[in-house]
Amino acid sequence: MLTFVIRRLLALPLILLAVTLLIVLVMQLIPPEQRAAAYASNLQQLSQIPEIIKANHLDGNVFEQYGLWLRQALSGNLGFSRTSGQPVLPTLLSRFPATLELALYTLIPLITLGVWLGGHAAVHRNRTVDTVIRVISVVGYSVPSFVLGVWLLVIFYGALDLLPGTGNLSNDAAVRLLTGEVRHVTGLVTVDALLSGRLDVFWDALVHLILPVFTLLVVSGAGLIKGTRASMIEALNSDYIRTARAKGVSERVIVRKHARRNALLTVVTLSALSVSGLLQGAVIAETLYGYPGVGSWAAQAAALGDMPGVLGFALLTATIVVTVNLLADLAYTLVDPRVRYL
């Protein structure tokens, strides 16, 4: 087991090198003049584009530019993000807690509801309940996240005025956070508000999470529901289940103790993939709802040709995906004792 973990961790640097090199290659499709414009903070600097290109080596080939960035990154300097106006690493550290909070509030109901709905559909296969759940999953697959988000904004923010449309805090709650009334302990606003005894700030942050969380739930939950349903149906149609039924074992015991447990391997895999999907969906959701996480910043960086910002975001997401997949592989050994890694 330890050897397996070490091998996977040793592969991480190679994965990060491949991902970042690919991004640099793609960024070369943007003309140097357009990328240099991201370094200009005023109209006067826009007239100095050739100097900016030379100063930042934007006219070099892809390997020269990647080599310069890689030397900086290995020394702990991920570069300066023109999008945020500060170095990339502090930007990631300041914005990541907001994205983590959004992901946590999405992931828990995502896995709980996705597994329950998928299993419920399989148990009641070809009945009304199964049809309704399948329709929900198909709609989740079919509707783009930005379309769903716009409609949610139009209905609940624009028409009904029931929920806030942008940001993660209202102005009053943000002032309490900035003035130190809410202590900065974890960086997660809801957690820090509870630790500081400010239920009003906690509720305010929670309300701001409803629309982005619901958007990610609908889009990311569809695959988990369909995958869980298919895995449960396969388990329920297996020989050992038919044998258990022939012996008179109750259907409840068959579903809970036999079929569901044997379907968990697929559920673990799909849950790990859902985390990757959340990272991709967070870029759209945060941008749409003006949520101050790394996703909205990465989208702006990509639009402006801010290569250090895009590379920093790529390093973060690749590390998270590799780590989550490693944890999923380790979880297999807990779900199925027959699984062994050498």
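Nothing here was measured: the structure is a model prediction, and the numbers come from that model. No hydrogens, no waters, no symmetry mates; every other heavy atom, side chains included, goes into these values.
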- Message: Under the rule for side-chain hydrogen bond (donor to acceptor under 3.5 Å, both in side chains), what residues qualify as partners of T20, not counting sequence neighbours?
- Response: Y66
- Please list, chain by chain and in numerical order, all residues satisfying salt bridge (charged side-chain N to carboxylate O under 4.0 Å, His left out) with E234, sequence neighbours excluded. none
- Item | Interatomic spacing from CG in L217 to CG in L110 - rounded to 0.5 Å | 6.0 Å
- Message: Keeping S296 on the side-chain end and G293 on the backbone end, is there a donor-acceptor pair under 3.5 Å?
- Response: yes
- Not counting sequence neighbours, which residues clear side-chain hydrogen bond (donor to acceptor under 3.5 Å, both in side chains) with R183? List them please. none
- Could I get the full list of salt bridge (charged side-chain N to carboxylate O under 4.0 Å, His left out) partners for R198, not counting sequence neighbours? E181, D200
- Query: Do you reckon L327 sits in the same ILVMFWY cluster as I108, going by side-chain contacts under 4.5 Å, direct or chained?
  - Reply: no
- Message: Do V219 and I284 make a side-chain contact, defined as non-hydrogen atoms from C-beta onward lying under 4.5 Å apart?
- Response: no
- Message: Distance check, rounded to the nearest 0.5 Å: L199 atom CG versus T190 atom OG1?
- Response: 12.0 Å
- Just wondering, do V19 and I23 contact through their side chains at under 4.5 Å, heavy atoms? yes
- Should S170 and H208 count as side-chain neighbours, where that means a heavy-atom distance under 4.5 Å? yes
- Mark yes or no for whether T215, through its side chain, and L211, through its backbone, hold a donor-acceptor pair below 3.5 Å. yes
- Query: If you look at every heavy atom in P212 and L102, which pair is closest and at what distance?
  - Reply: CB-CD1, 3.8 Å
- Message: Using every non-hydrogen atom in the two residues, find where P164 and V207 come nearest and quote the distance to one decimal.
- Response: CD-CG1, 3.2 Å
- Can you sort out the partners of D204 under salt bridge (charged side-chain N to carboxylate O under 4.0 Å, His left out), two or more places apart, ordered by chain and number? none
- Task: Identify the two heavy atoms, one from A222 and one from S137, that lie closest to each other, and give their separation to 0.1 Å.
- Result: CB-O, 3.2 Å
For residues 150-159, dump all side-chain donor-acceptor pairs below 3.5 Å to protein atoms at least two apart in sequence or in another chain.
none

- Query: How close do T228 and V115 get, heavy atom to heavy atom, and via which atoms?
  - Reply: CG2-O, 3.6 Å
- N171 CG to R176 CZ distance, which is reported to the nearest 0.5 Å: 11.0 Å
- Check whether any side-chain heavy atom of L17 lies under 4.5 Å from a side-chain heavy atom of L70, and answer yes or no. yes
- Message: If you define the side chain from C-beta out and look only at heavy atoms, does anything of T131 sit under 4.5 Å from N126?
- Response: no
- Task: Output every pair passing ring-ring contact (aromatic ring centres under 6.0 Å, His included) with a member in residues 286-309, not counting sequence neighbours, ordered by first then second residue.
- Result: none
- Query: What pair of heavy atoms forms the shortest contact from T99 to E286, and how long is it?
  - Reply: OG1-OE2, 2.8 Å
- Query: Can any side-chain N or O of S75 pair as donor or acceptor with the backbone N or O of Q72 at less than 3.5 Å?
  - Reply: yes
- Query: Say you draw a straight line from CG of L16 to CG of L21; how long is it, rounded to the nearest 0.5 Å?
  - Reply: 12.5 Å
- Query: Which other residues belong to the hydrophobic cluster containing V201, where Ile, Leu, Val, Met, Phe, Trp and Tyr are joined when side-chain heavy atoms lie under 4.5 Å apart, directly or via other members?
  - Reply: L169, L177, V182, V189
- Carefully, step by step, assess F146 and T287 under the rule side chain to side chain contact (heavy atoms under 4.5 Å, CB included). CA-CA 9 Å; F146 65 90; T287 302; over 6 Å; no
- Message: Suppose clustering is done on Ile, Leu, Val, Met, Phe, Trp and Tyr with side-chain heavy atoms closer than 4.5 Å. Which residues sit in the same group as V129?
- Response: W116, L117, I133, I225
- L68 side, atom CG; F63 side, atom CZ - distance, nearest 0.5 Å: 13.5 Å
- Query: When clusters are formed by joining ILVMFWY residues with side-chain heavy atoms under 4.5 Å apart, either directly or through shared neighbours, do V324 and L14 land in the same one?
  - Reply: no
- Working for side chain to side chain contact (heavy atoms under 4.5 Å, CB included), residues L78 and L311: CA-CA 8 Å; L78 297 180; L311 289 171; over 6 Å; no
- Item | Flag side-chain contact, heavy atom, 4.5 Å: F96 against I320 | yes
- Side chain proximity check, V218 to L148, heavy atoms < 4.5 angstrom: yes
- Task: Apply the test side chain to side chain contact (heavy atoms under 4.5 Å, CB included) to residues I15 and V321: give CA-CA distance (whole Å), side-chain angles for both, the deciding distance (0.1 Å), then the verdict.
- Result: CA-CA 11 Å; I15 295 173; V321 169; over 6 Å; no
- Can you get from L113 to V138 by hopping between Ile, Leu, Val, Met, Phe, Trp and Tyr side chains that sit under 4.5 Å apart? no
- Cluster check L163, L206: I/L/V/M/F/W/Y, side chain < 4.5 angstrom: yes
- side chain to side chain contact (heavy atoms under 4.5 Å, CB included) between L92 and L315: does it pass, once the steps are laid out? CA-CA 10 Å; L92 289 173; L315 284 174; over 6 Å; no
- With sequence neighbours excluded, tell me which residues meet ring pair (Phe, Tyr, Trp, His ring centres under 6.0 Å) with H124. H120
Do any side-chain atoms of residues 84-91 form donor-acceptor pairs under 3.5 angstrom with protein atoms, and if so which ones, sequence neighbours left out?
{"residue": "S84", "atom": "OG", "partner": "S81", "partner atom": "OG", "Å": "3.4"}
{"residue": "S84", "atom": "OG", "partner": "Q86", "partner atom": "O", "Å": "3.4"}
{"residue": "S84", "atom": "OG", "partner": "T91", "partner atom": "OG1", "Å": "2.8"}
{"residue": "Q86", "atom": "NE2", "partner": "T91", "partner atom": "OG1", "Å": "3.3"}
{"residue": "T91", "atom": "OG1", "partner": "P87", "partner atom": "O", "Å": "2.8"}

- Determine, using the 4.5 Å side-chain heavy-atom cutoff (strictly less than), whether L236 and I233 are members of one ILVMFWY cluster. no
- Task: Without swapping roles, check the side chain of Q300 against the backbone of T83 for a donor-acceptor pair under 3.5 Å.
- Result: no
- Item | Nearest heavy-atom neighbours spanning P292 and A98 | O-CB, 3.5 Å
- Item | pair L209-N168: side-chain heavy atoms closer than 4.5 Å | no
- Pairwise distance CG(L100) to CG(L104) - rounded to 0.5 angstrom: 4.5 Å
- salt bridge (charged side-chain N to carboxylate O under 4.0 Å, His left out) filter on D172, not counting sequence neighbours, yields none
